[in-house]
Amino acid sequence: MTDLLDVGRVAALNDILRRSLSGGTLVLTAGVVALGRERQQTILDAIAAFDRFEPDNDPYGEHDFGAVEAAGEHILWKIDCFDGDRVLTILLVGEY
């Protein structure tokens with residue numbers, strides 16, 4: 001079982017990455033890149049503002065996944081940790 005302090009720290013680090021794009025790497029899929037910088041910024045703003053974490057969509061309390069509608073698109077985002085490095089991936093639902 002994961003220690004609650006560890007989960008809280010993971011959630012806090014994920015929130016920092018999601019809100020400020022610091023503390024990790026941002027990956028945009030080809031579909032998101034094709035939308036252009038203005039729509040990408042709208043999507044990033046929507047992801048940064050996301051705060052609807054509930055047991056149904058965040059069962060481990062890590063704030064590592066979400067779905068938003070922004071810039072006329074259905075967007076998924078996911079934060080993974082690889083060897084201690086956080087990666088925020090943003091994709092169109094159709095690319096999943």
Side-chain angles (χ1 to χ4, degrees):
M1 185 163 113
T2 304
D3 185 278
L4 290 178
L5 291 176
D6 290 341
V7 170
R9 179 158 169 73
V10 168
L13 291 170
N14 287 344
D15 287 344
I16 289 168
L17 176 55
R18 181 176 51 80
R19 292 178 180 149
S20 68
L21 301 181
S22 63
T25 301
L26 172 63
V27 175
L28 304 177
T29 60
V32 175
V33 169
L35 297 175
R37 294 188 63 92
E38 185 176 319
R39 291 175 77 193
Q40 290 167 15
Q41 188 59 57
T42 300
I43 290 166
L44 290 170
D45 291 344
I47 291 169
F50 184 88
D51 65 355
R52 296 179 311 272
F53 295 104
E54 300 170 4
D56 286 344
N57 66 8
D58 190 29
Y60 301 106
E62 294 181 343
H63 296 189
D64 62 349
F65 174 82
V68 297
E69 290 187 30
E73 302 290 341
H74 297 280
I75 305 294
L76 299 176
W77 60 268
K78 174 75 173 115
I79 298 174
D80 294 293
C81 193
F82 300 104
D83 293 327
D85 295 325
R86 281 182 163 59
V87 177
L88 168 59
T89 303
I90 300 174
L91 62 146
L92 302 174
V93 167
E95 293 179 298
Y96 180 72

Should [X] and [Y] be regarded as members of a common hydrophobic cluster, given that ILVMFWY residues are connected when their side-chain heavy atoms come within less than 4.5 Å of each other, either directly or indirectly?
| X | Y | result |
| --- | --- | --- |
| L76 | F53 | no |
| W77 | I16 | no |
| V68 | L21 | yes |
| L26 | V32 | yes |
| V27 | F82 | yes |

So, for [X] and [Y], which heavy atoms are closest and what is the spacing to 0.1 Å?
| X | Y | result |
| --- | --- | --- |
| A46 | A70 | CB-CB, 3.7 Å |
| I43 | A71 | CG1-CB, 4.1 Å |
| Y60 | V7 | O-CG1, 3.2 Å |
| E62 | D58 | N-OD1, 3.2 Å |

Any chance you could measure [X], atom [atom1], to [Y], atom [atom2], to the nearest 0.5 Å?
| X | Y | atom1 | atom2 | answer |
| --- | --- | --- | --- | --- |
| F50 | N57 | CZ | CG | 5.0 Å |
| D64 | L88 | CG | CG | 11.0 Å |
| R86 | L17 | CZ | CG | 7.5 Å |
| I90 | L44 | CD1 | CG | 4.5 Å |
| F65 | D80 | CZ | CG | 11.0 Å |

- line: Only residue of D51, N14, D15 satisfying side-chain hydrogen bond (donor to acceptor under 3.5 Å, both in side chains) with H63 is D15

query: Heavy atoms, side chains only, cut-off 4.5 Å: are Y96 and L91 in contact?
result: yes

message: Pair I75, L92 - check side-chain contact (heavy atoms from CB on, under 4.5 Å), show working.
response: CA-CA 5 Å; I75 305 294; L92 302 174; 3.5 Å; yes

query: Taking E95 for the side chain and G31 for the main chain, is one N or O donor matched with an acceptor at less than 3.5 Å?
result: yes

field: Short side-chain to backbone donor-acceptor contact, Q40 and L35, under 3.5 Å
entry: no

